[in-house]
Amino acid sequence: MNKSITPVLDVLGKTIIGKSEQLKLALTCLLSNGHLLIEDLPGMGKTSLSHALASAFGLAYSRIQFTSDLLPADMLGANIFDVQKQQFSFHPGPIFNEVVLADEINRASPKTQSALLEAMEERQVSLDGTTHTLPQPFFVIATQNPMHQAGTYPLPESQLDRFLMRITLGYPNWEAERTMLKRSGTTSGVMASSQPVSKQQLIAWQQEITQVHSANAIIDYILRLVSYSRESGEFANPLSPRASKAILVSARAWAWLHGRDHVIPEDVQEVFTAVAEHRLRGSATDSDMNSQFSGKLMAAVDPLAA
Amino acid sequence: MLAITSQTSPPIETQKQPRAAVLLLSMAYAILVASMTTPVMIWIVILAACACVVRISFYLRWQTAPLRMRTINLLAILGALALAWFSLSIGLLLSMVNLLVMACAFKLMHIAHEKDVKQLFVTLLFLTACGFIFQQSLVYTGLYVSVALILLVALLQFNAPQQSLKHSIRYVAIQLVQGLPIAILLFLVLPQLPPLWQMPTAKGAKTGLSDSVTPGDIADLSQSSELAFRATFASEIPSPPQRYWRVMTLEQFDGKTWQISPTRKQVNRQYRSLNKQFSPSLAGPTWSYQVIAEPSHQRWLFGLDIAQANSNGNNAIIQGHEYQLLAQRPLVSALSYDVESYYTEPLNHTLLSIDHRINLQLPQSGNSLTQRWVEDKLAELDASAHPRERAEYILAQLRDHFSQQQFRYTLRPDPMPSDPVDRFMFDAQAGFCAHYASTLTYILRLANIPARMVTGYQGGELQASGVMSIYQYDAHAWVEAWYDERGWVRIDPTAWVSPDRIDFGLEQAMRDEGSFLADSPLSLARFKNVALFNNLRLWFAQLDYEWSKWVLGFDANRQDDLLEQLFGRLTPLKLSLIGVTVVLTVGLLLALYIMPQLRKKQGDKLTMIYQKSADLVVEFTGTPRGHLPPSHYFQAVQDKLPNLARTCFSELTQRYQQHHYARPSETRSESEKQFKHLHSKLKRHLQKSR
């Protein structure tokens, strides 16, 4: 484990108990400058996680509750006529924050969804011909409830592809939940704990991660994985080049997180489900929470093969 | 082939694609065995059929559980014992071929691993080459080429199961066509070495005439439409009654069986030790022709009297003192030789005293009726009559006897186990050439006239362009009697009773009896009267002739001729230069083709070593590696490994990972040697703790 990141993980671990794997993945996603999709039932700690991540790095945090009547302007902001100055002035919406929690993203209309996704990809907002750059770092955590699909607009494949990772939290185990309950009175105390790292540090780390070495063998392994998904005919939604880039980027971050300056196949395999499953599965989100597609793909491709 | 292998990975029976490849292999195997039913013993053929059925039932999923190793081992032991027993009588070569066929059958019954399939493939390819020991004709060449094709397709299917069968066949065919020019070049140019080992001649493999004739024992003369030899006439072509192809002279009679005289053998040995070849000075008109003799595994050759021959191959030809031709070594492959036949020259070039002594020999007892018949006839004649008159009188009397008693020519004579000459003369009165020849020779000897039986071929089918094909069913026996003035004179008593046999061949003679080639119902020669079939047969015979002439007959001499035409006068230096150049060119082209792939492989040597080590660990722990990356696999198995091996494998895993994935600058120190050392250390530890 990278020594400089352990304090951050410790703090997060105190907030979200017994979910160290998911925390590491979420952190990896943040470190590789990607966006995170969390799929889970209500009350599993989605909001806590995003809030904890924001506060751990001292990032500005906002939360947008997506509903079917949410309009793009509610999220992006709007030009409002300033009577005193006799001109339009831009009022930034909640998206102009460093960590944005888009709660229940699939409840909003496609129009709003795509406005968010465009902002995620471009890292800027265009309004009435003016371009407004979003803050740096910019990290969107979207959540969706996979169970109750009535009156929702499932994200199409093309938009799922924009999320670097998709994770699920799941129920905590006995011990973790017991610890959580015992501590329930002092939750706010943990939340208010001192800020361990600065925003600048985060950006420096992000830079550092791009320097992690990935040998040809790793690149070839990733290529074999994606080309198998395309050529075997077993997958309805093969992996796109964006997906292969995502695999490499997150494997690098994962390797850095574990204190290595080079990527090994284990890194690829450990981030693979989070990165690839939602892309392989497509919009058929209902109830299917496991890792069957990515698991099949990993079983079919030998990391060592020449 | 029959080693017991431990079960580590799931057996191939349960996987879909390899089953198709294995089915192809068994198909090739079935064709091979079917083409070799003569050299392969019948019980092994049955075993092979069983193996193929086992394979088919796996393919169709009638059966899914693999056969038990113990059952197969038991069968193998029994088979090996039986083969060892039979090998005493069939000779080394045939035993080895039988062993290979048997081993393939057992391997086919139990294919559990990838290596089994590969082993089977290589063995079958070798067996295909073995097929050429027994058959070299055009048909079999085509058959064996297609077997090789099936084998290659099977291998491709096994290694690349996602390919469709059609694609595989096309791929292999293209490769085969690409390889063809190289094969032709090597065939034309590379020096043809004499065989490195003497081919053992097995008893069963001999074809053609046997060196003894027992007419009384044969109830149904078996005939074969197999080719005996071909003659290509450059000169005038002899008419059918002149086509007496001499092979053997049988001079010893024991009352039942005619065979080569032991005295003659002794005399010939003496001649040989004195290095005295039979070389009469001959003159007069000749027939000149070239003979291509089919491989018979015998030394006998064919010629019209009196023949002088020159071999075109490296098998020298000896002129025998009984006017026949003999090869130096048994004919394991086709032999072509040029013959001049001085057909007007009388056969009186040998030492009379020896011929007399040998050819007046009579058995001690038996055939008393015939003896009395000859005595009676001679009594009618003046005692002082000239031997020639005596001979002519006896011949005339016998001819009368044959025609009065209405002797018949038949291929289905009654068996005559005792006193065969008596039985034939006064009882059965029907027989084929050997009966007539035997009887006449015996009677002439009783009349104190030197006589002997000659066996060979009579007739031959003339095809276009002066090519004559002589088949096994043209085999014949006739008589030679000694006339003081004329030497040995050919008398054919068969012609007295069946002139058709001599003038038109066996088929015409047997038209009424219907026994011509009765035991080979599918032979095209049986359907000569159907024009289409006959044309087809003749066309095919011509094709086969070209094949033996140009391909099988392409020996060292022809090669020299060809090279001389291409490159001028040949010196040994030039010859070796040509050979070396061709081999180097082909080698270079192949190297250029293969090198890039080889280099790619080389770079991944460490991966190979790691994989080998992982295989050892898999074998030891029984945990398949699946597609786990190195360190995960190490974690999966570390508790199952003994301490020392664990340390070893851990180091190997770490080093491999470091080498393979870390920044290049840190990996230079990693050497292949250290890796190999670690690998062998791991192997040792694992073996120790097993």
More than 12 heavy atoms of other groups within 6.0 Å of [X] [atom1]:
X	atom1	result
B/Tyr171	OH	no
A/Arg230	CZ	yes
B/Arg170	CZ	no
B/Lys612	NZ	no

Taking A/Ser214, A/Ala217, A/Pro265, A/Ala299 one by one, which has the highest count of heavy-atom pairs under 4.5 Å against chain B?
->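 Max contact count across the listed options: A/Pro265.
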
Rounded distance (nearest 0.5 Å) linking atom CD of B/Gln658 with atom CZ of A/Arg260:
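One finds 10.0 Å between CD of B/Gln658 and CZ of A/Arg260.
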
Query - Nearest heavy atoms of A/Val263 and B/Tyr661, plus distance in Å - result: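 So the two residues come closest at O-CB, 3.3 Å.
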
Heavy-atom pair of closest approach, residues B/Pro629 and A/Gln269:
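Taking every non-hydrogen atom into account, CD-OE1, 3.0 Å.
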
**Study point:** Test item: A/Glu266 and B/Leu628 side chains (from C-beta on) under 4.5 Å apart, heavy atoms
**Key:**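 No. Closest side-chain heavy atoms not under 4.5 Å.
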
Region of A/Val301 in contact with chain B, defined by heavy-atom distances below 4.5 Å: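 The answer is the backbone of A/Val301.
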
**Message:** Does either side chain, that of B/His632 or that of A/Glu270, offer a donor lying less than 3.5 Å from an acceptor on the other one?
**Reply:**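 There is such a pair (donor and acceptor under 3.5 Å, judged by atom type) between the side chains of B/His632 and A/Glu270.
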
